[in-house]
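Have a look at the structure below, then the notes.
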Number of protein chains: 2
Amino acid sequence: MRYSRIPDETIRRLPIYLRGLILASEQGQKNISSNDLAEYVGIYPWQIRKDFSYFGDFGTRGVGYNVGKLEREIKRILKINISQKAALVGVGNLGMAILAFPGFGIYGLDIAAAFDINPKKIGRNVKGVTIENISKLGTIKRRKIKLAVMAVPRKAAQETADELVKAGVRGILNFSPCYLLVPNTVKVITIDIAMDMASLPYYMPAS
Amino acid sequence: MRYSRIPDETIRRLPIYLRGLILASEQGQKNISSNDLAEYVGIYPWQIRKDFSYFGDFGTRGVGYNVGKLEREIKRILKINISQKAALVGVGNLGMAILAFPGFGIYGLDIAAAFDINPKKIGRNVKGVTIENISKLGTIKRRKIKLAVMAVPRKAAQETADELVKAGVRGILNFSPCYLLVPNTVKVITIDIAMDMASLPYYMPAS
DNA sequence: ACCTGTGAATAAGTTCACAGCA
DNA sequence: TGCTGTGAACTTATTCACAGGT
């Protein structure tokens, strides 16, 4: 199976497996079967095995997968084995929560810069990152920052994205509730925390 | 096409269309073609038409869709035409950002209660919501709250989910970075803001 | 006996191409 | 002419069932 195209859905699930493996690792597990991992992540064991089979033989028949090895393999596939610097744009309520969030490290992300337009915030130090004036956004180019997290108001979103593209960013995690137009040299993932909740009532079993 | 099963992917896209329609509406558009809407949401026009066709004939040939009507239809399908009360559990950095976030209203969600374990926070009023002691979580049952937003530390997540289930909640938007085990009478959507970023490097075109 | 890896079968979702109505 | 609605073709993804190591 190793030479065929990798399904997007498989790539989408890899970070979920990674999260499960880290959990298992914390519990002291050295080896894990697809059945065990399934319980950690809520995905069927045959789906897990199929997903891994696209990349190689990661497991041992009769035994399962080595937790540490599998973790490294997934990080390598996702290209997050080497930590990458990211810039945060917009340090409002949500931006502040993102800065304070401890979980980015395990996915190889290092929020190394933060920008805001509000003069009162500029110069403040949050979690070791000094908030800079958004007019300095262009500096990320020479600082080799290729990733950005956007947490700006919707009306500023497209403009901010344009600036980021100009500054050479290659990937954007967008928390503004809108679709962003960018050249196809840039990958955008949008998370609209309110919108994601909108489908809950549809799936809620009728009372 | 009206009588077949609705694809999950179609349901997932409906909130995106809704967001686009609200944008178009703000711009003063009364009618919109699938081509126009496609530009607002980044989804192909034929996909848009196909999605709507599962539910009925929402448009007019030669003209397009009436923005207001389509908005109402989508809200009705998603069962968010009548506003629903939701409880927020965990008012840390992220919880605070969620409380302050203005966007829930358009998806028919009203954060009507907030709970935290920290005595210093209890009693504080944020955006018109008074933070209550988490020990009072059970009260949401008689307050007819069927939806919850969880923004608690990972180690408390499963336990909190269990409490919510016991309190009669039917839908949970989970921001803790873990999979939650709940009975199938409850629908969970998990957003792991760090994890979602993990697939960016994979898709980033090589420099 | 146990658990992975995978071809084959099935299911789900997308895209096309155009009929049909305004 | 313009744009929707949709069957049919095509593509992608999931599930099964079991061969093949340990």
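Bear in mind the structure is a predicted one, so any value in this text is a computation, not a measurement. Per chain, numbering begins at 1; letters A, B, ... match sequence-line order.
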Atom pair distance, as rounded to whole Å: CG in B:Asp51 and C1' in D:dT6: 13 Å

A:Phe52 CZ to C:dC3 C1', straight-line distance once rounded to whole Å: 14 Å

Smallest separation among heavy atoms of A:Ile80 and B:Pro201, with atom names: CG2-CG, 3.7 Å

Touch class at under 4.0 angstrom, heavy-atom based, for B:Arg13 against every strand present: sugar-phosphate

Heavy-atom neighbours of B:Glu26 CD exceed 12 at 6.0 Å: yes

Footprint string (nucleotides 16-22 of chain D, 5' to 3'): B base within contact, S backbone only, - free, heavy atoms under 4.0 Å: SB-BBBS

Close side-chain approach of A:Gln27 to A:Tyr40, heavy-atom, < 4.5 Å: yes

Euclidean distance, atom CG of residue A:Leu70 to atom P of C:dC3 [Å, nearest integer]: 16 Å

Within-4.5 Å side-chain heavy-atom neighbours: A:Asp51 and A:Tyr17: yes

Atom-to-atom span, OH of B:Tyr54 to P of D:dG5 - whole angstrom: 14 Å

Sugar-phosphate only, base, or nothing, as touched by B:Phe58 at under 4.0 Å among non-hydrogen atoms: sugar-phosphate

Phosphate OP1/OP2 of D:dG5 contacted by B:Tyr65 side-chain N/O (<4.0 Å): yes

Touch class at under 4.0 angstrom, heavy-atom based, for A:Tyr44 against every strand present: sugar-phosphate

Rounded interatomic separation in angstrom, taking CD from B:Gln47 and P from D:dC3: 20 Å

Parallel, tilted or perpendicular: ring planes of B:Phe101 versus B:Phe104, cut at 30 and 60 degrees: perpendicular

Touch class at under 4.0 angstrom, heavy-atom based, for A:Ser34 against every strand present: sugar-phosphate

Heavy atoms from other residues, nucleotides or ligands near CD of A:Gln47 exceed 12 (cutoff 6.0 Å): yes

Whole-Å gap separating P (D:dT12) and CD1 (A:Ile11): 15 Å

A:Lys85 side-chain N/O to A:Arg143 backbone N/O, donor-acceptor pair under 3.5 Å: yes

Sugar-phosphate, base or nothing in reach of A:Asp8, heavy atoms under 4.0 Å: sugar-phosphate

Protein-nucleotide distance (B:Ile48, atom CD1; C:dT15, atom P), rounded to Å: 12 Å

Atom-to-atom span, CZ of A:Arg12 to P of C:dG13 - whole angstrom: 12 Å

